[in-house]
Trainee: 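Can you keep this structure in mind? I'll have questions shortly.
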Amino acid sequence: MFFFPFLNHCPCMLMFLLFTLFFTSTEAYDPLDPNGNITITWDVVSLTSDGYVAVVTINNFQQYRHITAPGWFVGWSWVEKEIIWAVVGGEATDQGDCSEFTETFPHCCKKDPTIIDLHPGTPYNKQFANCCKGGVLRTWAQDPPNAVAAFQVSVGRAGNNKTAIIAPQNFTLKTPGPGYTCNQPKIAELTEFTSPNERRVTEAILTWKVTCTYSQFLVQKPPNCCVSLSSFYSENIVPCPNCSCACQDNSFQSGSCIDSSNSSNLASIVNSPGEKGVEPLVECTRHMCPIKVHWHIKYNYYEYWRVKITVFNFNYRKNYSDWNVVVQHPNFDKLTQIFSYNYKSLAPYGSTNDTVMLWGVKFFNDVLMQAGPNGNVQSELLFRKNKSSFSFRSGWGFPEKIYFNGDECSMPPPDAYPRLPNGCSTQEVSLLALMMTSFILLLLCTYA
Ligand SMILES: *[C@@H]1O[C@H](CO)[C@@H](O)[C@H](O)[C@H]1NC(C)=O
Ligand SMILES: *[C@@H]1O[C@H](CO)[C@@H](O)[C@H](O)[C@H]1NC(C)=O
Ligand SMILES: *[C@@H]1O[C@H](CO)[C@@H](O)[C@H](O)[C@H]1NC(C)=O
Ligand SMILES: *[C@@H]1O[C@H](CO)[C@@H](O)[C@H](O)[C@H]1NC(C)=O
Ligand SMILES: *[C@@H]1O[C@H](CO)[C@@H](O)[C@H](O)[C@H]1NC(C)=O
Ligand SMILES: *[C@@H]1O[C@H](CO)[C@@H](O)[C@H](O)[C@H]1NC(C)=O
Ligand SMILES: *[C@@H]1O[C@H](CO)[C@@H](O)[C@H](O)[C@H]1NC(C)=O
Ligand SMILES: *[C@@H]1O[C@H](CO)[C@@H](O)[C@H](O)[C@H]1NC(C)=O
């Protein structure tokens, strides 16, 4: 009965709604992966005559957000006059002004160097453990050995003893666009290194850690994906909202989308080289998204119900490898069987088990081929019903949120969802919306 007063006072309600919108769009973390972060560890492993050697390790501790080509760019600012003599397993993008030096030239003299990864196939003498993946970092859940990168940096003009060493400041992590914010380095427990033959353990001289978190709000880009819905109980297929990712009219110039019904167009992309994996080149659709996720309610059994999820690739420039989809639905606490995908329960709030991450099975459907007849992957999920909460009314059978590769997808508006035959009225739907808002309010009041 808490929320009745709000229902009677519309202006107040509106204020709270606006507040909720503001609150959700500026949050600096992802509600479905509240502890997700990329941690940069700076381990000083030895001292030199004018500085030290450090191992810099980048761990992707995010459940479902990876860094794809062209990879990570890690930067920082030196506090004093430090320079970089050499980097192994990475390189600085810019040497900077080394004119002060006359005999041996440092690798980088910039006050704010940026380091990038080397490519696979780098000569052995330039490699370092966990390096040379072209800056690509997989997710912690899908591929832990490839969720880590490292390089070694030899720092000069940094004093000749442990107490003189100052941690660099103002770390940045770019991909290469914005999205990540990093805190200042904090002293951490000394890292232990085990020798390759596991016979000897050494400890770092100094260890600092920097935590970088992602915010979709900082990126300020339109969604990359959209959701469409259907069910056995309605003939109505709810498409992705128009202009989910772009509008056709605005971007039609210079053939920026492909009309696949014209086969001469298709031939021209197949033959066009370059720009692979950069700007998407999508099939002309009303949503203009590179990715569409379709949720179909397939069967209703006595104790179970079944859903089919299909992911479509509309981007002619990219085969999404190691793709993942995150879905939020209240019935995921009773997921009984899943076909042809891997899955992991994320349980972001500890007790409420309503979010899962789905991804392809290695060598089978982990690569989502580019647009065309093979440009999709599908799976079916079987849920056991909870008789007291299960319902096909008011769109309960549809997901609350869907992410593709860590980006939230555009959903159709709730009032467009497929209806049960002679289903509930619009009034019921809007009452539900009101109740949901009040529930969010209640949560906010309880936890704020
Ligand atoms: C970063 O993620 C790791 C692994 O989940 C976690 O142990 C650590 O506490 C996180 N750091 C912060 C600052 O949230
Ligand atoms: C780090 O950033 C702050 C704020 O922009 C600036 O005042 C400070 O000088 C920077 N530190 C270094 C070492 O450049
Ligand atoms: C360490 O180096 C700093 C700066 O180079 C110097 O001021 C200090 O005396 C040195 N301390 C020791 C114990 O050598
Ligand atoms: C989406 O666009 C199509 C064609 O332009 C139009 O017929 C349809 O009504 C639009 N849908 C919405 C929800 O605006
Ligand atoms: C197909 O595309 C080509 C080149 O873009 C164009 O010249 C041709 O008229 C199109 N054909 C049809 C049937 O639209
Ligand atoms: C995607 O994979 C297919 C099949 O392996 C290949 O023919 C195609 O060139 C690839 N496309 C891109 C953009 O890499
Ligand atoms: C969440 O549900 C899944 C699937 O039923 C189950 O395997 C997992 O143990 C549950 N996790 C929690 C924290 O309840
Ligand atoms: C069924 O759902 C209700 C309401 O969400 C919940 O209180 C109850 O614990 C659930 N029952 C089971 C067996 O999970």
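Both counts, for ligands and for their atoms, begin at 1 and track the order of listing. Reckoned from all heavy atoms, side chains included, excluding hydrogens, waters and symmetry mates.
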Trainee: Show, in sequence, the C-alpha distance, side-chain angles and deciding distance for Cys409 and Cys225, and conclude whether the disulfide bond (SG atoms under 2.5 Å apart) test is met.
Mentor: CA-CA 5 Å; Cys409 302; Cys225 53; 2.1 Å; yes
Trainee: N/O to N/O below 3.5 Å, does that happen between Asn37 and ligand 1?
Mentor: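 Asn37 vs ligand 1: N/O contact under 3.5 Å present.
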Trainee: Looking at Phe128, is Lys133 sitting on its ring face, NZ or CZ under 6.0 Å from the six-membered ring centre and within 45 degrees of the normal?
Mentor: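 Negative - Lys133 is either too far from the ring of Phe128 or too far off its axis.
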Trainee: Short list, please: which atoms of ligand 6 are under 4.0 Å from a heavy atom of Gln370?
Mentor: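 Here the atoms of ligand 6 in question are 1 (C), 8 (C), 9 (O), 10 (C), 11 (N), 12 (C), 13 (C).
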Trainee: Is atom 11 (N) of ligand 1 less than 4.0 angstrom from at least one protein heavy atom?
Mentor: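 Yes, at least one protein heavy atom sits under 4.0 Å from atom 11 (N) of ligand 1.
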Trainee: Protein heavy atoms: any of them under 4.0 Å from atom 7 (O) of ligand 8?
Mentor: no
Trainee: Any Lys/Arg nitrogen of Lys221 or Asp407 sitting under 4.0 Å from an Asp/Glu carboxylate oxygen of the other?
Mentor: yes
Trainee: Output the list of atoms in ligand 1 that are nearer than 4.0 Å to some heavy atom of Asn35, sorted by atom number.
Mentor: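 With Asn35 as reference, the close atoms of ligand 1 come out as 1 (C), 2 (O).
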Trainee: Go through the steps to decide whether Cys257 and Cys284 satisfy the test disulfide bond (SG atoms under 2.5 Å apart), and finish with yes or no.
Mentor: CA-CA 5 Å; Cys257 75; Cys284 299; 2.1 Å; yes
Trainee: Could you tell me if Asn376 and Thr310 have a donor-acceptor pair between their side chains, going purely by distance under 3.5 Å?
Mentor: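 No - no donor-acceptor pair under 3.5 Å links their side chains.
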Trainee: For ligand 6, which atoms, with element, lie under 4.0 Å from some heavy atom of Arg317?
Mentor: 13 (C)
Trainee: Under 4.0 Å, counting heavy atoms only: does Lys334 come that close to any atom of ligand 8?
Mentor: yes
Trainee: Could you list the atoms of ligand 8 found under 4.0 angstrom from a heavy atom of Ser388?
Mentor: 1 (C), 2 (O), 3 (C)
Trainee: Verify the neighbour count for atom NZ of Lys174: are there more than 12 heavy atoms of other residues, nucleotides or ligands below 6.0 Å?
Mentor: no
Trainee: Checking a contact table here: which protein heavy atom is nearest atom 5 (O) of ligand 1, and how many Å away?
Mentor: Phe61 CB, 4.1 Å
Trainee: Answer with yes or no after comparing the ring centroid distance for Phe390 and Phe383 against a 6.0 Å cut-off, counting only values under it.
Mentor: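 No, the ring of Phe390 stays outside the 6.0 Å limit from the ring of Phe383, centre to centre.
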